[in-house]
Amino acid sequence: MIVHPAIDMGREHVPLVIVDDAHDAAGQLCEAASGVTFERSETDQYPGIRAVVPESYASWLETLAETAGLGERACVLRTSYAIATDDPANLSPIQRIPHFDTTDPAVIAAVHYLCAPPHGGTGFYRHRRSAFERIDASRHPAWRQGLVRDAQEFGLPDRPCEAGHNALFELIGFAELRFNRVIFYPANCLHSGIIGDEKLSPSPDKGRLTITSLLKVPSAYRA
């Protein structure tokens, strides 16, 4: 296991923690994914399918968060396998822009990559109009208003932002995808999975297989 020094991103100092060779039995996690049923979730905008993870995964992730310096009392709120399956050309406008998972500053997100390139990693962004890199409850109304003004001035986005800049968003950081890499970042920061041009597949063996999680962390990490 290799815990890299935290990366400080953007003007708002968004922390990104990367852990390589994270799980001792990553191959078994992949095998387990082949034995569960993946379904589309109706509770989020994820452009793909999800499935339950092994029961022991949550406690393992909490221990990893502690090892990575995120505090001794990290608690997993939700976790699931995820495979991106939707053609970027068919996404809804809201799915084509960077998003945040929650406005709660006490929650961090974790992505465990269980696939390899040419699948892409994760990009982090600044909203140009507002200059926001994180969206908390106090900023949410201005964020929504900014998106309306963006649509009036530039029209609805016709493609995902991906790993670069456009008229609405500026890339402030990037986590490269590597097999058995886990990344941690604030769940209220603007981010987007980089799907790229690789042919999408719903198969755990061929698709962009990840485990995505949200954790509650001690206040010390809420930089």
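Under a 4.0 Å N-O distance rule, the pair R139/E12 qualifies as a salt bridge. Here R50 pairs with D44 in a salt bridge; the nearest charged N to carboxylate O distance falls below 4.0 Å. Between D86 and R40, at least one side-chain nitrogen of the basic residue sits less than 4.0 Å from a carboxylate oxygen of the acidic one, meeting the salt-bridge criterion. Electrostatic pairing of D104 and K216 counts as a salt bridge here, judged by a charged N lying under 4.0 Å from a carboxylate O.
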Go through the steps for L190 and R134 under the test side-chain contact (heavy atoms from CB on, under 4.5 Å), then give the verdict. CA-CA 6 Å; L190 294 171; R134 305 193 201 192; over 6 Å; no
Yes or no on side-chain hydrogen bond (donor to acceptor under 3.5 Å, both in side chains) for Y185 and T122, after CA distance, side-chain angles and deciding distance? CA-CA 11 Å; Y185 53 88; T122 304; 5.4 Å; no
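At distances below 3.5 Å, not a single donor-acceptor pair connects side-chain atoms of R11 with backbone N or O atoms of R126. Checked by atom type and distance alone, the side chain of H119 pairs as donor or acceptor with a backbone atom of K206 at under 3.5 Å. Under a 3.5 Å cut-off, the side chain of H191 and the backbone N or O of C189 do form a donor-acceptor pair.
Using a 4.5 Å heavy-atom cutoff, the side chains of L77 and L215 are not in contact. Between V36 and Y81 there is a side-chain heavy-atom pair separated by less than 4.5 Å.
Between atom CE of residue M9 and atom CD1 of residue I7 there is a gap of 7.5 Å, rounded to the nearest 0.5 Å.
Heavy-atom neighbours of E66 CD from other residues, nucleotides or ligands within 6.0 Å: above the threshold of 12.
When only modelled atom types and interatomic distance are considered, H23 and Y57 share no side-chain donor-acceptor pair under 3.5 Å.
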